[in-house]
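Heads up: numbering here begins at 1 and tracks the sequence. Not measured: the values here are computed from a predicted model.
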Amino acid sequence: MEQPPTAGEAGARVLVVDDDPTVAEIVTGYLDRAGYVVDRAGDGPDALARAAAHRPDLVVLDLMLPGMDGLEVCRRMRGQGPVPVIMLTARGDEDDRILGLEVGADDYVTKPFSPRELVLRVGSVLRRARPAADAPAGGSASVPGPGSGVLRAAGLTVDPGARRAVKKGAELALTVREFDLLAFFLAHPGRAFAREELMREVWGWDFGDLSTVTVHVRRLRGKVEDDPARPRLVRTVWGVGYRFDPTTAEGE
């Protein structure tokens, strides 16, 4: 059953970018009925112009656009400021999904997809991204929410309420999922998590493409590690998954 947006999500502006008018019309209709304000664009230049004129709260972006593809659109939009992005990709096209995550997409949905599932994904990403004033104090059971207090370790400071992360005094530019992943790691130092556990606890998915977790860990390392090629904070635990290890990093 389709889940309606909460008070904090209702009225959020969503930009739908797809060159297939049928897909765009269906997605727009479902989002509109769910209470979102929806803009539509059929190609990359139109999407960038609309985003510049009215900054969206979230973008649903088809990867395979004519001319300027979705990857370039995502890069340029992110260059204008942070905005959550859900990428639409072809089923089975794993390389494209990974590329989308690499350029900063927060989530992806494979075609053909259920419009109701997409609406749920939009709501999930917006709930993560919205300001603390609109968010419930507790957060999820595992990812620290606005009422969880500031987390500090190994030169990193994460404020779930402000959705702000700082490394040695410099603010980090993190996507929604990167922020959630970092907050989760800081809240559970020294414990090893399998990728399946991270997908369940951070993404809220019981199943999915585990490369999503791998790519987000790699991107997060690129932003929090002094040397991403030799990570000391987010360590790989062979045969298990990943462990946040601030004590070792501080002692080295």
Side-chain angles (χ1 to χ4, degrees), residues 2 5 9 11-126 128-129 173-178 203 205 208-209 211-216 218-219 222:
E2 187 173 315
E9 300 157 34
R13 182 178 294 274
V14 178
L15 175 60
V16 176
V17 187
D18 199 306
D19 65 311
D20 185 330
T22 301
V23 172
E25 184 175 347
I26 292 172
V27 170
T28 297
Y30 271 82
L31 290 171
D32 182 69
R33 287 193 292 275
Y36 298 104
V37 177
V38 187
D39 290 333
R40 281 174 55 179
D43 57 37
D46 187 22
L48 294 173
R50 290 179 181 275
H54 299 285
R55 190 68 177 170
D57 297 299
L58 181 142
V59 180
V60 176
L61 178 61
D62 184 25
L63 179 64
M64 299 301 292
L65 294 172
M68 184 189 301
D69 65 18
L71 297 175
E72 182 61 24
V73 174
C74 186
R75 289 190 190 98
R76 295 193 187 191
M77 281 191 179
R78 283 286 165 80
Q80 298 172 359
V83 59
V85 174
I86 296 178
M87 195 78 78
L88 303 180
T89 69
R91 184 175 299 278
D93 213 342
E94 183 177 357
D95 289 343
D96 284 343
R97 293 201 299 273
I98 291 175
L99 280 173
L101 295 170
E102 287 282 15
V103 299
D106 296 282
D107 203 346
Y108 69 87
V109 175
T110 55
K111 294 182 176 180
F113 58 86
S114 161
R116 288 186 175 87
E117 178 192 354
L118 178 58
V119 170
L120 292 176
R121 295 285 184 93
V122 167
S124 174
V125 173
L126 282 172
R128 296 290 192 197
L174 302 177
T175 68
V176 173
R177 297 297 188 188
E178 289 166 2
W203 275 258
W205 302 350
D209 185 351
S211 64
T212 300
V213 177
T214 305
V215 170
H216 277 81
R218 183 162 63 242
R219 286 182 54 84

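- The shortest distance between side-chain heavy atoms of Asp20 and Asp62 does not fall below 4.5 Å.
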Q: Show the numbers, then the answer: is there a side chain to side chain contact (heavy atoms under 4.5 Å, CB included) between Tyr36 and Val122?
A: CA-CA 10 Å; Tyr36 298 104; Val122 167; 4.0 Å; yes
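- Of all heavy-atom pairs spanning Val14 and Leu31, the tightest one is CG1-CD1, 3.8 Å.
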Q) Stepwise, does the side chain to side chain contact (heavy atoms under 4.5 Å, CB included) test hold for Thr212 with Tyr108? A) CA-CA 9 Å; Thr212 300; Tyr108 69 87; 3.1 Å; yes
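- For the atom pair CE of Met64 and OG1 of Thr89, the computed distance is 10.5 Å after rounding to the nearest 0.5 Å.
- Asp107 CG to Met87 CE: the interatomic distance, rounded to the nearest 0.5 Å, is 11.0 Å.
- At a threshold of 4.5 Å between non-hydrogen side-chain atoms, the residues Asp39 and Pro56 do not count as touching.
- Summarising the geometry of Leu126 relative to Ala12, their closest heavy-atom pair is CD1-CB, 3.9 Å, with the distance given to 0.1 Å.
- Looking at Val213 and Trp203, their side chains come closer than 4.5 Å, going by heavy atoms from C-beta outward.
- Nearest heavy atoms, Val119 versus Ala34: CG1-CB, 3.9 Å.
- In this structure, the side chains of Leu15 and Met77 come closer than 4.5 Å at one or more pairs of heavy atoms.
- A 4.5 Å side-chain heavy-atom check between Asp43 and Leu65 finds every atom pair outside the cut-off.
- Nearest heavy-atom pair across Ala41 and Asp46 is CA-OD2, 3.5 Å.
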Q: Mind running side chain to side chain contact (heavy atoms under 4.5 Å, CB included) on Met68 and Leu48 for me, showing each step along the way?
A: CA-CA 11 Å; Met68 184 189 301; Leu48 294 173; 3.8 Å; yes
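- Between Leu71 and Leu63, the closest side-chain pair of non-hydrogen atoms falls below 4.5 Å.
- Contact of the Asp18 side chain with the Val27 side chain is not registered, since no non-hydrogen atoms from C-beta on lie closer than 4.5 Å.
- Listed for the Arg50 side chain is a donor-acceptor partner under 3.5 Å among the backbone atoms of Arg40.
- The heavy-atom pair separating Gly70 from Leu61 by the smallest distance is O-CD2, 3.3 Å.
- Other residues, nucleotides and ligands contribute only 12 or fewer heavy atoms inside 6.0 Å of the CD atom of Glu25.
- Screening Arg177, Arg78, Arg121, Arg219 against Asp106 for a salt bridge (charged side-chain N to carboxylate O under 4.0 Å, His left out) leaves a single residue, Arg78.
- In terms of heavy-atom proximity, Val125 sits nearest to Pro84 at CG1-CB, 3.6 Å.
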